[in-house]
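Step one of this worksheet: look at the structure below.
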Amino acid sequence: MPIAPYEPQRIEPKWQQFWEDRQTFAARADTSLPKYYCLIEFPYPSGAGLHVGHPRSNTALDIIARKRRMEGFNVLYPIGWDAFGLPTENYAIANHVHPAKVTRDNINHFRAQLKRLGFSFDYAREVDTTDPSYYKWTQWIFLKLYEHGLAYKAQMPINWCPSCKIGLANEEVVAGLCERCGHEVTRRVKTQWMLAITRYAQRLLDGLDTVDFIDRVKAQQRNWIGRSEGCEVDFQVAGTQETLRVYTTRPDTMFGATYMVLSPEHPLLDTLASSIHNREALREYAEQAALKSDFERTELARDKSGLRVEGLSAINPATGQAIPLWVSDYVLMGYGTGAIMAVPGHDQRDWEFARAFDLPIVEVISGGDVSQAAYTDVASGRMVNSGFLNGLPAQEAIEVMSDWLVDQGIAQRKVNFRLRDWVFSRQRYWGEPIPIVHCEDCGMVPLGEDQLPLLLPEVESYQPTDSGESPLAAITDWVNVPCPACGKPARRETDTMPQWAGSSWYFLRYCDPHNDEAFASQEALDYWMPVDWYNGGMEHTTLHLLYSRFWHFFLHDIGLVKAPEPYQKRTSHGMILGENGDKMSKSRGNVINPDDLVDEIGADAFRVYEMFLGAFDQAIPWSMNGARGTRRFMERVWRLQEMVRGDQPGFSPALRVLVNQTIKRVGEDYERMKFNTAIAQMMSLVNAFYEQGQVSHDDLRALLLLLSPAAPHICEEVWQQMGYPGYIHGQAWPAYDEAYLVEDEVEIAVQVNGKVRLRMMVPSGLRAQDGQELAQRGEVRDLVGDRQLLKCIFVPGRLLNLVVRDR
RNA sequence: GCGGACGUGGCGGAAUGGCAGACGCGCCAGACUUAGGAUCUGGUGACCCCGGUCGUAAGAGUUCAAGUCUCUUCGUCCGCACCA
């Protein structure tokens, strides 16, 4: 029977319209059903439109979402827009358009592009972080954080990008450069809003043990949190009442501490200024250091600089000896206590510093040669020159010395984290206004809940000011308001929130996106949370993932969400590179536009190719020819309609095992994110259909069901063309029959001493004992010849290995 | 330096310790065609005396059997980094 040609341009819009009209993929309100929450990182609706990287993540979880529905789950697979952000604002500045309009246009473009790809999103639950009905709740959560003392203002040196005219979080500084524009970041002291994420450092770390995140993500989170265990020890400053507190993870080496180093900003330099003989030189050094960014100061390759603090020394509590104090900018005020004890024999940085300034190096752990290099091996060294520690393994000495110091009353055990509090304010227009009013009498006054959302005012110019103030500061009738507490004239906060704010809780809003009374209802949250499977890019594993877990922990603590962790499972997809292996970018001219792909090969082939091109978690170069290959596969699937023969129920007898194997394999591979091998398996099945020249209805149905999550339009269409009942999205996921996973007869390899000499068909039920017998007969026996058969290994269904020796 | 991932044909990549290279791309040949950037069929790791030999970054080890496990070395990518 001749069939119509395969025309994705015709059938794809047809089914997209059908699903939309019937609200096929809307998450149901029925909380008695088992639920499954699939989440992808909501896109930033940039002017460039959809990138081929978006469909990689979207298709992967679309496959899971569609499969879950076929398995009977009530699935939530939402989409939204992370729409605040600098590119939009910069575009608005350059083109004199309102960023809200830019955002609206971009979102419409993105949505249309996504719809052409047939993702089973519940579009009725779309969220937009720039919508006042959304950011009302972002502001509300901020006020809760403020209320609980987790949002505070602090004078602090921040990372300042002179090009973007914006303060950056540590997380946004990459190799000393602005993550967004690449301009060099400098230091600037400003009053900033901070969020106390460090109070959650331990829980952010511990929680990782309870969730199913891929190793790479867990490792990066741990790395970023940077926990270390050690002691805070007070060193007496000789001849004064002052003590100098240091943090060390290696108290065992204290007998080898021959000097101390202070950060140039250390307050002790002021406190004891009168005893210091070279105050002027130290001040100059501090000024020099202040000009440098943290990156410059901590750059590894740089030669150490430093200056002796003349007139002061400290007492090493282990030896009782006076040791000199130095100042150097490699010691940071922001980590530990801003001062260190230096053990040049067993710390590489201290060793280099001691060498540069000719300070004594004492060996306190044997095993290396401290005249050549610092010996840092804790695991195998033993203590020497260390009084009561002598002879102990270093590992043990850490404990003994810590206890001793604590007993002496000069130290306490201390856990330190590398994680810093989160700089939460931005001096920009296009972000959530911070709902705080500054009153001369009352101080900082939060807006009442009834005054939310605090809307962004209309402004003439979105250009940030050189003074580092947000453009909002210029809108006097917005800025000047009566104090909500006392009614006196007061000023609004003019900083806005960073882009990370809206994305720190959007997964909660999806549960109940139209709620005006709360950010989401308790019932909705209890039912849908936690997210069962979250996929996104590797680039968000230190920033967004940490921030959103922190917000969720906080909301959990104040009783608003039940689940302790927001995401049960987190996977990450690899980047799609240009055909030449470079990152795709306009300037390189290697960008692939999804719309062009859909026009040329259709959405189904495009989706299948994205899943087929390689291991899901790896970066892969795009191949236009490869994409055309999956289009050929679609054509082959389409033409199977012509090959259906007979009306016998069941799979074709010759293919029964292969079909069952494929059902098992594809289901398992989808779950393990091995999409490429799942597609390969289905291609093999189709090849087998073609070799056989015909298929049964059940053969075809099985293939369509397995393929439908990846290529939904063609499968719906063929299903309908064949007159099968209902729609494919409403069918149950197919089951396989354990009894038909292996053929009755299998080919095994016969090896002699590990080399294949023969292949033969044997019954698949053959066990080890039968294998032994096999070796005694026929051609297998001939392989042994007159050599001595030492051993005979039989692996059922795979091989027989004859271990022989010449006589 | 620390942490993570990894190294397999011309290319993307498959392989619970059990026949390396599934599947796809590309390439070669044939069929069908007025035609082919369509479709179908077959072939495609290297070497070779056509019987085999060698092959998964390099080297060693464990094993009847190693791409897979162990050790050493080399290399690539990602994250962090004078973090005390």
Side-chain angles (χ1 to χ4, degrees), chain A residues 5 174-175 214-228 230 246-250 253 260-261 263 295 297-302 304 328-332 334-343 347-353 376 416-419 538-539 541-542 572 574-575 579 581 608-609 612-615 617-630 632-633 635-636 639 674 676-687 690-691 747-759 790-804:
Chain A
V174 178
I214 57 171
D215 289 344
R216 206 157 33 136
V217 171
K218 283 192 184 186
Q220 283 188 25
Q221 293 244 315
R222 290 200 181 98
N223 216 331
W224 194 265
I225 295 166
R227 184 182 195 272
S228 73
V246 303
Y247 175 73
T248 178
T249 56
R250 297 294 305 278
T253 63
M260 302 181 82
V261 187
S263 138
F295 179 74
R297 283 179 59 167
T298 58
E299 193 165 22
L300 244 172
R302 198 171 59 89
K304 301 260 182 302
S328 177
D329 62 5
Y330 82 83
V331 176
L332 305 173
Y335 185 81
T337 62
I340 62 160
M341 68 173 200
V343 183
D347 180 287
Q348 192 54 35
R349 295 154 304 165
D350 296 345
W351 189 88
E352 284 166 23
F353 192 83
T376 56
N416 248 338
F417 295 95
R418 201 187 72 89
L419 185 70
M538 268 319 280
E539 68 275 19
T541 50
T542 44
S572 287
M575 210 184 333
E579 298 227 29
V608 170
Y609 180 62
F612 182 65
L613 48 40
D617 58 352
Q618 245 136 74
I620 303 286
W622 183 264
S623 158
M624 206 52 229
N625 278 326
R628 292 188 187 104
T630 55
R632 274 201 280 274
F633 174 53
E635 302 267 7
R636 279 164 75 78
R639 286 196 311 271
K674 297 280 220 171
N676 53 338
T677 51
I679 304 293
Q681 179 71 28
M682 290 187 279
M683 287 173 167
S684 297
L685 181 64
V686 171
N687 290 347
Y690 272 79
E691 267 165 45
E747 189 187 65
I748 64 163
V750 181
Q751 301 181 329
V752 177
N753 289 344
K755 297 231 185 277
V756 180
R757 294 296 173 212
L758 187 68
R759 289 163 209 281
L790 294 178
K791 212 183 208 182
C792 179
I793 287 137
F794 181 72
V795 183
R798 297 219 180 250
L799 56 73
L800 177 68
N801 189 12
L802 307 166
V803 185
V804 302

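Chain letters run A, B, ... following the sequence lines, proteins first, then strands; residues in each count from 1. If you're wondering where the values come from, they're calculated on a predicted model, not measured in any experiment.
Across all strands shown, B/rG45 is found opposite B/rC54 as a Watson-Crick or G-U wobble partner, with both distances under 3.5 Å. Using Watson-Crick or G-U wobble geometry with both donor-acceptor distances under 3.5 Å, B/rC11 finds its partner in B/rG24. Across all strands shown, B/rA84 forms no Watson-Crick or G-U wobble pair with both distances under 3.5 Å. Under the Watson-Crick or G-U wobble criterion, with both distances below 3.5 Å, B/rC40 is paired with B/rG30. Pairing partner, B/rC64: B/rG18, with both Watson-Crick or wobble hydrogen-bond distances short of 3.5 Å. Base pairing analysis places B/rA35 opposite nothing; no Watson-Crick or G-U wobble pair with both distances below 3.5 Å involves it. The nucleotide B/rC6 finds its pairing partner in B/rG75, both defining distances of the Watson-Crick or G-U wobble pair being shorter than 3.5 Å.
A residue-by-residue look at A/I748 and A/K791 shows that A/I748 has its nearest nucleotide of RNA chain B further toward the 5' end. Residue A/G629 is the one, among A/G754 and A/G629, whose nearest nucleotide of RNA chain B lies closer to the 5' end (criterion: closest heavy atom).
At the phosphate of B/rC83, OP1 or OP2 sits under 4.0 Å from a side-chain N or O atom of A/R349.
In terms of modelled atom types and a separation under 3.5 Å, the side chain of A/Y330 and the main chain of A/F353 share no donor-acceptor contact. Here the side chain of A/Q751 pairs no donor or acceptor atom with the backbone of A/L799 at under 3.5 angstrom. No donor-acceptor pair closer than 3.5 Å links the side chain of A/Y609 to the backbone N or O of A/M624. No donor-acceptor distance shorter than 3.5 angstrom exists from the side chain of A/D617 to the backbone of A/S572, with no hydrogens or angles considered.
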Do any N or O atoms of the protein come closer than 3.5 Å to N or O atoms of nucleotides 32-35 of chain B, and which pairs are they?
none

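Nucleotides B/rU56 and B/rU8 place their P atoms 11 Å apart, quoted to the nearest Å. Taking atom P in both B/rC6 and B/rG17, one finds a spacing of 14 Å when rounded to whole Å. B/rG45 and B/rU34: their C1' atoms are spaced 40 Å apart (whole Å). B/rG3 sits 43 Å from B/rC47 when the C1' atoms are compared, rounded to a whole Å.
Nearest nucleotide to the A/R757 side chain, out of B/rC64, B/rU53, B/rG24: B/rU53. Closest to the side chain of A/R636, from the set B/rU41, B/rU16, B/rG13, is B/rU41. For A/F612, counting side-chain heavy atoms from C-beta on, the closest listed nucleotide (B/rA5, B/rG24, B/rG79) is B/rG24. In the set B/rA5, B/rA14, B/rG26, the nucleotide with an atom closest to the side chain of A/R632 is B/rG26. Closest contact between the side chain of A/R639 and the listed nucleotides B/rC64, B/rC40, B/rA5 involves B/rC40. Listed nucleotides B/rC64, B/rG3, B/rG26 differ in distance to A/A219; the shortest reach to its side chain belongs to B/rG3. Closest to the side chain of A/N676, from the set B/rG13, B/rG12, B/rG4, is B/rG13. In this structure, of B/rA14, B/rG3, B/rA81, it is B/rA14 that holds the atom nearest to the side chain of A/T677. With B/rA84, B/rA5, B/rC54 as the choices, the nucleotide that has an atom nearest any side-chain atom of A/S228 turns out to be B/rA84. Comparing B/rG26, B/rC23, B/rG18 against the side chain of A/R798 picks out B/rG18 as the nearest.
Nearest heavy atom pair, residue A/A627 against residue A/W622, reads CB-CZ2, 4.1 Å. Minimum interatomic distance between A/P621 and A/L613 (heavy atoms only, all atoms of both residues): O-CD2, 4.4 Å.
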